[in-house]
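Written out below as structure tokens is the structure these notes cover.
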Amino acid sequence: MDGHLHRGMLTPMQQRSISHGFLVRALLGALGSCLAALALAASPRTTDLNLANQAELEMVKGIGPQLSERILTERAQGRFDSWEDFIGRMKGIGPSHATRLSAAGLRVAGQPYAISQAGSGTAASAPAK
């Protein structure tokens with residue numbers, strides 16, 4: 001060879017530069033995938049109160065074995081129509097507890113709990129005299 005590069009041949013420095021470029025792109029791609037997975041893991045998984053079994057209910061932060069059994073027993077009497085229905089039928093569940101359960105991913109009829117729905121507390125309270 002007379003010092004001229006033949007078409008298609010690269011110097012060792014050019015080869016290292018190209019391989020470093022591929023490495024950087026691969027690392028950036030892997031980092032992006034990891035960040036996307038973390039974002040998905042950070043958002044709570046939603047669990048519908050009317051569809052979940054005991055194990056699924058217990059995956060919601062704030063619902064243990066006793067509460068899940070109480071929920072299933074009450075649900076056997078009829079589906080929960082709304083958060084207000086759930087709060088009204090479940091002793092010990094009030095607006096603040098419903099807010100925490102909703103933030104952990106619990107849904108009633110696909111809906112998150114909103115305090116404005118409950119008005120003064122429980123919509124299922126006894127009528128005024």
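Only this structure's heavy atoms are used, side chains among them; waters, hydrogens and symmetry mates stay out.
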Shortest non-hydrogen contact between [X] and [Y], atoms and distance:
{"X": "Ala98", "Y": "Ile87", "result": "CB-CD1, 3.8 Å"}
{"X": "Pro65", "Y": "Ser68", "result": "O-OG, 2.9 Å"}
{"X": "Asp81", "Y": "Asp85", "result": "N-OD2, 2.8 Å"}

Query raised in the report: Thr99: what forms a side-chain hydrogen bond (donor to acceptor under 3.5 Å, both in side chains) with it, not counting sequence neighbours?
Result: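 Thr99 satisfies side-chain hydrogen bond (donor to acceptor under 3.5 Å, both in side chains) with no residue once adjacent residues are dropped.
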Would a hydrophobic clustering, with Ile, Leu, Val, Met, Phe, Trp and Tyr connected at side-chain separations under 4.5 Å, put [X] with [Y]?
{"X": "Leu72", "Y": "Ile63", "result": "yes"}
{"X": "Leu57", "Y": "Leu67", "result": "yes"}
{"X": "Met59", "Y": "Leu101", "result": "no"}

Query raised in the report: side-chain contact (heavy atoms from CB on, under 4.5 Å) with Asn50: which residues, sequence neighbours excluded?
Result: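 Here the qualifying residues are Asp48, Arg75, Arg79, Phe80, Val108.
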Requested in this report: Could you list all the salt bridge (charged side-chain N to carboxylate O under 4.0 Å, His left out) pairs where at least one residue sits in residues 55-70, not counting sequence neighbours?
Outcome: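 Checked against salt bridge (charged side-chain N to carboxylate O under 4.0 Å, His left out) - neighbours excluded - no pair reaches residues 55-70.
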Query - Nearest-0.5 Å distance that lies between atom OG1 in Thr47 and atom CZ in Arg107 - result: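 Separation between the atoms: 9.0 Å.
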Query raised in the report: At what distance, to the nearest 0.5 angstrom, does CG of Leu49 lie from CH2 of Trp83?
Result: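 Interatomic distance, Leu49 CG to Trp83 CH2, rounded to 0.5 Å: 7.0 Å.
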Query raised in the report: Excluding sequence neighbours, so at least two apart, what forms salt bridge (Lys or Arg N to Asp or Glu O under 4.0 Å) with Glu74?
Result: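 For Glu74 the salt bridge (Lys or Arg N to Asp or Glu O under 4.0 Å) partners, ignoring immediate neighbours, are Arg89.
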